[in-house]
Protein chains: 2
Amino acid sequence: MAASARRGPYFCGIDAAMDVVSGKWKPLILWELHDHGIRRFAELRRGLPGVSEKMLVQHLREMEEDGLVRREVYPEVPPKVEYSLTEHGVSLNAALTSLGEWGTERMRRIGAEKVSVG
Amino acid sequence: MAASARRGPYFCGIDAAMDVVSGKWKPLILWELHDHGIRRFAELRRGLPGVSEKMLVQHLREMEEDGLVRREVYPEVPPKVEYSLTEHGVSLNAALTSLGEWGTERMRRIGAEKVSVG
DNA sequence: AACCGTACTTACCCGAGGGTGAGTACCCCA
DNA sequence: TGGGGTACTCACCCTCGGGTAAGTACGGTT
């Protein structure tokens with residue numbers, strides 16, 4: 001508890017949306033889940049080069065709380081947990097596409113590099 | 001110097017766009033300038049309830065560096081500085097509208113309050 | 001018996017982002 | 001003469017987001 005002071009009050013819609021997406025890895029998680037449909041914890045970890053397990057768990061939990069991500073646990077002996085997007089997660093992703101295009105255009109403009117997976 | 005480690009490398013376009021918008025007041029500044037066209041420093045300060053002068057200057061400078069904001073100084077005796085959006089600022093604002101709509105919808109869903117201007 | 005892989009939790013630490021409050025130079029107005 | 005308005009700068013402080021590293025319970029592999 002005392003985890004987050006989220007859920008407003010907000011200045012505007014942008015503010016409310018940013019609250020949910022702010023976090024170093026959240027847009028990437030969103031994209032990864034949108035791209036693959038369903039991902040297990042370790043798959044996500046491998047898909048986000050550089051993320052720590054702590055942050056991945058933490059972000060996933062917050063996104064679950066915010067209704068963006070669905071978490072399904074299989075009570076098997078080697079643990080198995082599957083993550084996927086809810087309809088709200090999907091629609092958020094859609095709302096982010098134009099921003100993504102703007103960012104891509106900006107990267108082109110300023111000649112920024114992409115992070116390499118190494 | 002040593003001001004910002006911005007300008008990538010980025011994971012993706014979202015990342016590049018978020019870099020430019022991340023900052024407590026930046027989306028609000030963007031909106032305020034889009035809404036009024038041209039604003040002076042003190043007008044912006046009054047338009048963003050709660051912002052400190054330090055943060056306002058700092059954000060405006062970064063947004064100027066990032067090519068979002070145009071800063072015009074009039075060498076008058078009571079200082080006069082006018083801020084407005086560049087074409088990149090305008091297009092970023094446009095790219096943010098769908099996100100803003102998503103956020104507004106989310107506020108409605110969770111029943112979040114708006115910040116009151118007092 | 002030792003080690004890897006699953007999906008985490010816990011404790012600790014650091015730097016940056018942001019807030020507070022003061023100072024600056026000049027003018028206008030009461 | 002003093003207070004308010006213009007647009008800032010500077011120094012200090014403090015929270016918190018994020019990183020590192022270790023521990024956990026269980027089984028399959030070598």
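The structure displayed is predicted, hence computed values, not measured ones. Just so it is clear, the values below take in all heavy atoms, side chains as well, and ignore hydrogens, waters and symmetry mates. Chain identifiers are assigned alphabetically (A, B, ...) following the order of the sequence lines, protein sequences preceding nucleic acid strands; residue numbering begins at 1 within each chain.
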Short N-O contact, B:Glu62 and B:Lys26, less than 4.0 angstrom: yes

Give me the distances for all protein-to-nucleotides 28-30 of chain C N/O pairs that come in under 3.5 Å?
none

Ignoring the backbone of A:Phe41, work out which of D:dC8, C:dC8, C:dT6 is nearest its side chain. C:dC8

Do the charged groups of B:Glu82 and B:Arg71 touch, with an N to O distance under 4.0 Å? no

Look at the side chain of A:Asp15 and the backbone N and O of A:Phe11, then say whether any donor-acceptor pair between them is shorter than 3.5 Å. yes

Closest approach of A:Gly67 to A:His88 (non-hydrogen atoms, all atoms of both residues): O-CB, 3.5 Å

Rounded to whole angstrom units, what separation is found between the CD atom of A:Glu82 and the C1' atom of C:dC8? 17 Å

B:Arg40 has a side chain; which of C:dA7, D:dA7, D:dC8 sits nearest to it? D:dA7

Just how far, in rounded Å, is C1' of D:dT9 from CG of B:Leu56? 14 Å

Whole-Å distance separating the CZ atom of A:Arg46 from the C1' atom of C:dT6: 10 Å

If every non-hydrogen atom of A:Thr86 is compared with every non-hydrogen atom of A:Val69, which pair is closest and at what distance? CG2-C, 3.7 Å

Whole angstroms only, please: what is the CZ-C1' distance between B:Arg61 and D:dC10? 14 Å

Are B:Tyr83 and B:Ile29 connected into the same hydrophobic cluster when the rule is that any two of I, L, V, M, F, W, Y join if their side-chain heavy atoms are below 4.5 Å apart? yes

Closest heavy-atom contact between A:Ser22 and A:Asp19? OG-O, 3.4 Å

For a quick test of reading the model, state the closest non-hydrogen atom pair linking A:Lys24 to A:His59 and the distance between them. N-CE1, 3.6 Å

Atom-pair distance (CD on B:Gln58; C1' on C:dG18), nearest Å: 8 Å

Are there any protein N/O atoms within less than 3.5 Å of an N/O atom in nucleotides 19-25 of chain C, and if so, which ones and at what distance?
{"from": "C:dG19", "atom 1": "OP1", "to": "B:Lys24", "atom 2": "NZ", "distance (Å)": "2.6"}
{"from": "C:dG19", "atom 1": "N7", "to": "B:Lys54", "atom 2": "NZ", "distance (Å)": "2.9"}
{"from": "C:dG19", "atom 1": "O6", "to": "B:Lys54", "atom 2": "NZ", "distance (Å)": "2.2"}

Less than 4.0 angstrom from a charged side-chain N to a carboxylate O is my criterion; do A:Glu43 and A:Arg40 meet it? no

OP1 or OP2 of D:dG17 under 4.0 Å from side-chain N/O of A:His59: no

Strictly below 4.0 Å: does B:Arg39 bring a side-chain N or O up to OP1 or OP2 of D:dA7? no

Double-helix bend of the helix from C:dA1-D:dT30 to C:dA30-D:dT1, axes at both ends from 5 pairs, round to 10°, gives 20°

In Å and rounded to the nearest 0.5 Å, what is the CG to CG distance from A:Leu33 to A:Leu85? 4.5 Å

Would A:Arg109 and A:Trp102 count as a cation-pi pair here, with the cationic atom under 6.0 angstrom from the ring centre and within 45° of the axis? yes

Pick base, sugar-phosphate or nothing for A:Tyr83, based on heavy-atom distances below 4.0 Å to the nucleic acid. sugar-phosphate

Short side-chain to backbone donor-acceptor contact, B:Asn93 and B:Leu30, under 3.5 Å: yes

From CG of B:Leu60 across to P of D:dA7 the rounded distance in Å is 11 Å

In whole angstroms, how far is the P atom of D:dG18 from the CG atom of A:Leu48? 13 Å

Rounded to the nearest angstrom, tell me the gap between atom CD in A:Glu43 and atom P in C:dG5. 14 Å

